[in-house]
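Start at 1 and go down the list; that is how both ligands and their atoms are numbered.
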Amino acid sequence: MSDGLEGVIAVHTELSDVDGEAGRLILRGVDLEAIAGTESFEGILMHFWRGLVDEPAVAEMSAGPVQQALGTLRGQAYARMLDLNRHAEGMSVIEALRFALASLADDAPSPGTMAAAAMPVFTAGFSRQSRGLEPVAPDAGMSHAADFLRMLHDKRPTAEDVSALETYWATVADHGMNASTFAARVVASTLAGMTSSVVAGLCALKGPLHGGAPGPVLDMLDEIGSAENAGPWLADALAAGVRLMGFGHRVYRVRDPRADVLKCVATSMRRNDNRIPLAEAVEASALEALAAHKPDRPLDTNVEFYTALVLEALEIPRDCFTPAFACGRVIGWVAHISEQVSKGRLIRPASEYTGVVPELH
Ligand code: ACO
């Protein structure tokens, strides 16, 4: 066993499979490419939750009623945010999201649906607060993705932007036994409750080795500045022991399939016209530099590299990137938490003691 538990099968799940050698991601019986770009947030949610998440709010198995249920709960989450926002002064957006999410009850009706509904409301509201702007109330009649962008920017989003966000959320909805999903399942296995388990997932996602990479990807592109500077900048960074954000993955030994889906989205967005040539040059240089730096360890582009460009083109502030990731990943967390609870088995692995053993007297 290694300290990162790589290769250890920790759970049996019907929710997703990451084939790191083939670069294939199966999302509950469907390939990523078949679902990303075609399904709305509501459709993806039903795809994962159907028959698994036993909550009255999603008992109706079609996207229309689910959109209404999410819309109604976004309204309740907004009222909660208005109650909490003065306590969130000075917090980063991700900390404020964690704080507000943790205030939701475990025993509320439909806590999983509430967590999914509340994430974009809290993210948009606390982001606007941090920018000195008034919050924008949700519109229960809009789709979840459209309403998130509207609450964030206070303007109706274009169909292109809504579709880009929905494709992004589909790519991150679930991804095997990643650190945040594992954390959520461990807490769920103690029967601590849905909200507590989702908060555990969010806490794990916050770290730069998991969900915190896309902001630093843009910082890196800004610092590099031009295609000519990519090679020298990346060589210096690797020589200094820096990990290049947006590259490498615990499971994939080839290119992350989500990177391809998101590259298509990023290149189709007009606001990215100036970014794409630089990003492509940096990606090519980084892959070359990483191959030379670690010849025995395939390090390829991961989901976060082109995520950064999609989120930037959507004008989502950098400090909202990880919260925006959570808005999509909450679908997977809630499904995994429900699956874990249905198994009814406490997760409690063993450890090997390496400390001092006192002598027996
Ligand atoms: N840049 C430079 N070197 C790297 C990178 C990278 N992006 N990734 C791995 N390496 C190096 C490591 O330093 C290590 O070198 P060492 O043996 O000399 O210590 C070697 O490659 C093997 O790396 P591991 O640490 O074993 O790889 P691990 O599976 O733990 O890492 C991780 C996966 C954390 C994603 C890593 O590749 C990384 O830090 N990437 C940058 C951050 C990032 O993009 N995170 C988002 C991941 S996707 C997601 O979670 C949604």
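In summary, of the residues considered (T190, V186, V187), a side chain to side chain contact (heavy atoms under 4.5 Å, CB included) with I347 occurs for V186 alone.
Every protein residue with a heavy atom nearer than 4.0 Å to ligand 1 is included here: P208, L209, H210, A213, L238, V242, R243, L244, M245, G246, F247, G248, H249, R250, L290, K294, R297, L299, N302, V303, E304, F325.
Counting non-hydrogen atoms of neighbouring residues, nucleotides and ligands closer than 6.0 angstrom, the CZ atom of R275 exceeds 12 such neighbours.
When only modelled atom types and interatomic distance are considered, T181 and N178 share a side-chain donor-acceptor pair under 3.5 Å.
Ring geometry, F305 versus F247: the interplanar angle falls from 30° to 60°, so the pair is classed tilted.
You'll find the side chain of D300 reaches within 4.5 Å of the side chain of L287, heavy atoms only.
With sequence neighbours excluded, no residue forms a side chain to side chain donor-acceptor pair (under 3.5 Å) with E33.
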